[in-house]
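Beneath this line is the structure, given in structure tokens, with notes to follow.
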Amino acid sequence: MRLIERVSKWLVAHPVGVMLDDAQVQNLALQAATYYSGYSDFEHDRIMFELAMDAGTDYYPDPVSLDVCVTDSDWAIIRPLFALYVERENAMFLEASRGLGVDVFGRSVSEIAQEIATTEAELPHKAFMQIIIRV
């Protein structure tokens with residue numbers, strides 16, 4: 001399933017309290033997927049790499065986009081980071097509106113930022129994969 005489709009499904013399931021528009025949420029998903037791609041390849045990239053190796057050509061993976069194919073395993077690692085990015089951005093909007101008399105709900109930006117740092121630190125361990133080679 002493409003990243004944009006997963007984000008659309010996430011938006012349908014989590015509409016309450018999200019004050020961001022679709023484009024902002026998609027951009028945050030792209031940020032989370034890009035961070036993940038630093039530690040793991042998407043299935044499409046692995047397949048293209050193997051095809052290029054078989055053909056004897058150089059392979060340079062395409063940059064991550066909303067059209068990248070994200071497996072369930074990839075999404076299981078990306079989704080928590082993506083959800084934290086959305087929560088942080090949402091909290092920033094809420095905290096900025098405090099001066100207008102809006103009641104702020106949820107966690108503060110600093111609390112979320114701390115959890116993002118922890119999640120990003122754990123991500124390399126979760127994303128690690130070693131392909132088994134038989135001799």
(message) How long is the straight-line distance from CZ of Arg2 back to SG of Cys69, given to the nearest 0.5 Å?
(response) 10.0 Å
(message) Using a strict threshold of under 4.0 Å (side-chain N to carboxylate O), is an ion pair present between Asp74 and Arg6?
(response) no
(request) Tell me whether Tyr39 is reachable from Ile116 by hopping between hydrophobic residues (I, L, V, M, F, W, Y) whose side-chain heavy atoms are closer than 4.5 Å. (result) yes
(message) Using the rule given for salt bridge (Lys or Arg N to Asp or Glu O under 4.0 Å), can you reason through Lys126 versus Glu122, listing the C-alpha separation, both sets of side-chain angles and the distance that settles it, and then say yes or no?
(response) CA-CA 7 Å; Lys126 293 179 180 179; Glu122 293 171 352; 3.7 Å; yes
(message) What's the separation between atom CG in Asn27 and atom CG in Asp21, rounded to the nearest 0.5 Å?
(response) 10.0 Å
(request) Quick one: closest heavy-atom pair of Pro124 and Ala121, and the distance? (result) CD-O, 3.4 Å
Donor-acceptor pairs under 3.5 angstrom involving side-chain atoms of residues 80-90: please list them, not counting sequence neighbours.
from: Tyr85; atom 1: OH; to: Glu120; atom 2: OE2; distance (Å): 2.5
from: Glu87; atom 1: OE1; to: Arg107; atom 2: NH2; distance (Å): 2.8
from: Glu87; atom 1: OE2; to: Arg107; atom 2: NE; distance (Å): 3.0
from: Glu87; atom 1: OE2; to: Arg107; atom 2: NH2; distance (Å): 3.3
from: Asn90; atom 1: OD1; to: Met19; atom 2: N; distance (Å): 2.8
from: Asn90; atom 1: ND2; to: Gly17; atom 2: O; distance (Å): 2.5

(request) Using a 4.5 Å cut-off on heavy atoms from C-beta on, say whether the side chain of Gln26 contacts that of Ile4. (result) yes
(request) Check whether any side-chain heavy atom of Val25 lies under 4.5 Å from a side-chain heavy atom of Val7, and answer yes or no. (result) yes
(request) Mind checking the CE-OG spacing from Met1 to Ser8? Nearest 0.5 Å is all I need. (result) 10.0 Å
(request) Give every residue pair that meets the ring-ring contact (aromatic ring centres under 6.0 Å, His included) criterion with at least one member in residues 105-130, sequence neighbours excluded. (result) none
(request) Of all the heavy-atom pairs spanning Ile78 and Ala32, show the shortest one and how long it is. (result) CG2-CB, 3.9 Å
(request) Of all the heavy-atom pairs spanning Ser37 and Val64, show the shortest one and how long it is. (result) OG-CG2, 3.5 Å
(message) Rounded at 0.5 Å granularity, tell me how far OG in Ser40 sits from CD1 in Ile77.
(response) 6.5 Å
(message) Please report the interatomic distance CH2(Trp10) to CG(Leu28), rounded to the nearest 0.5 Å.
(response) 9.0 Å
(message) Let me confirm one number: the OG-CD distance from Ser108 to Gln114, rounded to the nearest 0.5 Å.
(response) 9.0 Å
(request) Identify the heavy atoms of Leu3 and Ala33 that sit nearest to each other, and give their distance. (result) CD2-CB, 3.8 Å
(request) May I ask whether Leu66 and Leu11 are part of the same hydrophobic cluster, defined by side-chain heavy atoms of I, L, V, M, F, W, Y residues being less than 4.5 angstrom apart, directly or through others? (result) yes
(request) Using a 4.5 Å cut-off on heavy atoms from C-beta on, say whether the side chain of Lys9 contacts that of Trp75. (result) no
